[in-house]
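Worksheet: the structure to be examined is printed underneath.
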Amino acid sequence: MAIYDPKSRVAAEFINDQEIKDTLAWAQANKTNHELCHAAIEKAAQFKGLTHREAALLLACEDKDINDKIFETAIKVKEHIYGSRIVLFAPLYLSNYCVNGCVYCPYHAKNKTITRKKLSQEEIRNEVIALQDMGHKRLLLESGEHPKHSPIEYILESIKTIYSIKHKNGAIRRLNVNIAATTVENYKKLHEAEIGTYQLFQETYHKETYEALHPKGPKSDYAYHTEAHDRAMEAGIDDVGLGVLFGLELCHYDFVGVLMHAEHLEAVFGCGPHTISVPRICPADDIDPNTFTNAVPDDLFLKIVALIRLAVPYTGMIMSTRESARVRTEGLKLGISQISGGSRTSVGGYAIRSVQEMEEKTEQFETSDRRTLDEIVHWLLDNGYLPSFCTACYRAGRTGDRFMEFAKDGSISAFCQANAILTLKEYVCDYASKETRAAGEAVIEREMPKICNPKIRKASEKRIIRIADGERDFRF
């Protein structure tokens, strides 16, 4: 039997099944111990995070007053570390050819109803220009796993193409990548291609369930997949992103698993994940979510969001357009710091040229929040948030443990606040509707005094004027 060891590089040891089961049993046995629960909340309130056991205890607790305190504390932690800033991005799907048999994903190899498509470099160019014309500066590259249609050479060529495109005032300044688990050698190539964060979702940490859900293809190897982030960081990629697909397995199990994974990265590399994503299973072509019996109701899902924020206060949290506007509104209060906007989950979905393309089924899943980027930005502004298109930390070398140093001593906030304001100013000048521009200018005026460093604040005031006069791409 594998022994739990967060410093081990073996999946069965750092994501230890018995430790998760023991943790869940301990949490159930102690969930009415209000002294333990309050102690955990008080620890989190001081931005010290939570262990996977402490977080599991709070997740198991059913006491209304304690649950209210959890949500209240999550809001305070979120506001203290992230202020009102919300980072925006969009996914870009390159190909839906896939050799895997993932039973929850329409890209699975046996699906005969989906239209298979792979973008050429010219089509990628068209997609990127369409995204730039919306105002996006940060993309998440996605692709199915296929040795012929999506080899690493194709991914690298596509990255080069994406970074090369300058259209009007548009430019992609940070390209995050979500592709299948690969080798240290290939991760080195991605690092040399100057990607931002490497994201890979575990889907579920329950090994038996994982293997049942992945009966075919390279992804069926649980250990190889689970150890992928280690290989990426070994290759020099400082920022990695975790995530599970809630609803595939009991959410309590995967909740503990993703926190254990974060603890493992911290123990081995001195730096936990840059982001944690929280997708839930949703409808898709050839996939009926009702066949999955572990659906997570909204209230429990939002509690999970709040507790991840308390457990890993300095880790970004991502919520996609899988979720409705209502759930995303609540999630933003409790811990979400990054959202997608104006997203398309189909291959070639941003620059559709014909009715035939419009009718092709190439999307990975149905989106619930179908608002345009301008509508998302306006919604954020109306709700008191500061929309941010910032990519400065990666470009300034503030990644991995260096980013965490700035984050934990609080100095990052001055950079983030200023950079968010500058990128919002670019957006309202270049892309916003008349109504959004007016709302954005009002928020910029409100948020400028919140830049705590007087030198950065004064410089920002001057740069805002220069942006209005046509200059672009300032950053601290």
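Just so it is clear, the model here is predicted, and its values are computed rather than measured.
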Are more than 12 heavy atoms from other residues, nucleotides or ligands located less than 6.0 Å from atom NZ of Lys69?
no
Value for NE2 (His252) from CZ (Phe246), rounded to nearest 0.5 Å, stands at 10.5 Å
Just do the ring-ring contact (aromatic ring centres under 6.0 Å, His included) check on His261 and Tyr205 with the steps written out, would you? CA-CA 9 Å; His261 203 162; Tyr205 286 95; 5.6 Å; yes
Exercise. Between Asp369 and Arg371, does at least one N-O distance fall below 4.0 Å, as a salt bridge requires?
Worked result: yes
Problem - Check: Asn100 side chain, Glu145 main-chain N or O, donor-acceptor pair, under 3.5 Å - result: no
In terms of heavy-atom contacts, Lys31 and Cys37 come closest through O-SG, 4.0 Å
Of all heavy-atom pairs linking Gly331 and Val305, the shortest is O-CG1, 4.2 Å
* Asked: Is any side-chain heavy atom of Asp63 closer than 4.5 Å to a side-chain heavy atom of Thr32?
  -> no
Quiz item: Is a side-chain donor or acceptor of Arg309 paired with a backbone partner of Val312 at a separation under 3.5 angstrom?
Solution: yes
Audit row: Phe14, Thr226, side chain to side chain contact (heavy atoms under 4.5 Å, CB included) steps and yes/no:
CA-CA 10 Å; Phe14 67 79; Thr226 311; 4.0 Å; yes
Margin query: Do Tyr314 and Phe47 have side chains that approach each other closer than 4.5 Å (heavy atoms only, starting at C-beta)?
Written below: yes
| said: Any non-hydrogen side-chain atom of Tyr4 less than 4.5 Å from a side-chain atom of Asp22? | reply: no
Arg116 backbone acceptor or donor facing Tyr107 side chain under 3.5 Å: no
Measure the shortest side-chain to side-chain distance between Trp379 and Leu332 over non-hydrogen atoms and say whether it is less than 4.5 angstrom. yes
Does the side chain to side chain contact (heavy atoms under 4.5 Å, CB included) test come out yes or no for Ile318 and Ile336, once each step is laid out? CA-CA 6 Å; Ile318 300 174; Ile336 300 301; over 6 Å; no
- Ser220 side chain to Gly217 main-chain N or O, any donor-acceptor pair under 3.5 Å? yes
Tightest non-hydrogen contact, residues Tyr385 and Thr329, listed as OH-O, 4.4 Å
Value for CZ (Phe89) from CG (Leu139), rounded to nearest 0.5 Å, stands at 10.0 Å
key: Worked verdict on Tyr93 versus Leu141 for side chain to side chain contact (heavy atoms under 4.5 Å, CB included)   = CA-CA 6 Å; Tyr93 285 77; Leu141 184 153; over 6 Å; no
Would you say that Asn178 contacts Thr197 through its side chain, given a criterion of any heavy-atom pair below 4.5 Å between the two side chains?
no
Problem set entry | Presence of salt bridge, Glu263 and Lys7, under 4.0 angstrom | no
- So, Arg326 and Glu330, do they make that salt bridge, N to O below 4.0 Å? no
message = If we ignore hydrogens and angles and just use 3.5 Å, is the side chain of Glu127 paired with the main-chain N or O of Ala351 as donor and acceptor?
response = yes
Exercise. Charged N to carboxylate O below 4.0 Å: is that the case for Arg395 and Glu194?
Worked result: no
Minimal heavy-atom distance between Cys390 and Asn419, with the atoms involved, is SG-CB, 3.4 Å
Separation between CG (Asn126) and OG (Ser120), nearest 0.5 Å, reads 7.5 Å
Rounded to the nearest 0.5 angstrom, the CG-CZ distance for Asn30 and Arg53 is 9.5 Å
Minimal heavy-atom distance between Ile281 and Gly247, with the atoms involved, is CG2-CA, 4.2 Å
Got Thr183 and Asn186 here, is their nearest side-chain heavy-atom distance under 4.5 Å? yes
Listing, residues 269-278 side-chain donor-acceptor contacts under 3.5 Å, not counting sequence neighbours, or none:
none

ask   = Does atom NZ of Lys118 have more than 12 heavy-atom neighbours, drawn from other residues, nucleotides or ligands, at distances under 6.0 Å?
value = yes
For the side chain of His136 and the backbone of Pro91, is there at least one donor-acceptor N/O pair under 3.5 Å apart? no
Applying salt bridge (charged side-chain N to carboxylate O under 4.0 Å, His left out) to Lys188 and not counting sequence neighbours gives none
Quiz prompt | Within 45° cone of Tyr198 ring axis and under 6.0 Å: Arg231 NZ or CZ | solution = no
In this structure, CD of Gln202 is separated from CD1 of Ile15 (nearest 0.5 Å) by 7.5 Å
Between Asp239 and Arg174, does any NZ, NE, NH1 or NH2 come within less than 4.0 Å of an OD or OE carboxylate oxygen? yes
Worksheet item: Can you tell me if Thr423 uses its side chain to pair, donor with acceptor, with the backbone of Ala420 under 3.5 Å?
Response: yes
Would you check if Ile66 and Ile41 make a side-chain contact, meaning some heavy-atom pair closer than 4.5 Å? yes
Looking only at heavy atoms, the pair that brings Thr391 and Lys137 closest together is CG2-O, 4.1 Å
_Let's go through Tyr187 and His191 carefully: what are the C-alpha distance in whole Å and the side-chain angles of both, what is the deciding distance for ring-ring contact (aromatic ring centres under 6.0 Å, His included) to 0.1 Å, and is it a yes or a no?_
CA-CA 6 Å; Tyr187 285 128; His191 179 54; over 10 Å; no
Original post:
Taking Asn16 for the side chain and Glu19 for the main chain, is one N or O donor matched with an acceptor at less than 3.5 Å?
Top reply: yes
Hits for salt bridge (charged side-chain N to carboxylate O under 4.0 Å, His left out) against Glu157, two or more places apart or cross-chain, chain-then-number order -> none
_With a 6.0 Å cut-off (strictly less than), is the heavy-atom count around CD of Gln46, excluding the residue itself, greater than 12?_
yes
Check your understanding: Given the rule in the side chain to side chain contact (heavy atoms under 4.5 Å, CB included) test, do Leu242 and His229 qualify, once you have shown the distances and angles that lead to the verdict?
Key -> CA-CA 8 Å; Leu242 305 179; His229 299 85; 3.5 Å; yes
- Thinking salt bridges, do Glu123 and Lys117 make one under a 4.0 Å N-O criterion? yes
Q) Taking the side chain from His264 and the backbone from Met260, do they hold a donor-acceptor pair closer than 3.5 Å? A) no
- Task: Using a strict 4.0 Å threshold on nitrogen-to-oxygen distance, state whether Asp299 and Lys303 make a salt bridge.
- Result: no
Measure the shortest side-chain to side-chain distance between Leu380 and Val377 over non-hydrogen atoms and say whether it is less than 4.5 angstrom.
no
* Within the side chain of Asn96, is there an N or O that forms a donor-acceptor pair under 3.5 Å with the backbone of Thr115? -> yes
Is Arg280 salt-bridged to Asp298, going by a charged N under 4.0 Å from an acidic O? yes
Item to complete: Please say whether more than 12 non-hydrogen atoms of neighbouring residues, nucleotides or ligands are located less than 6.0 Å from CD in Glu208.
Response: no
Checking Ile195, Ile159, Val128, Leu92 against Leu175 for side chain to side chain contact (heavy atoms under 4.5 Å, CB included), the one that qualifies is Ile159
Rounded to the nearest 0.5 Å, the OH atom of Tyr350 sits from the CG atom of Leu131 at a distance of 5.0 Å
query = Under 4.0 Å between a Lys/Arg side-chain N and an Asp/Glu carboxylate O for Lys219 and Glu203?
reply = yes
>> Regarding Glu227 and Arg9, does a basic nitrogen lie under 4.0 Å from an acidic carboxylate oxygen?
In response: no
- Task: Give a yes-or-no answer on whether the side chains of Ser143 and Ser150 include a donor-acceptor pair shorter than 3.5 Å.
- Result: yes
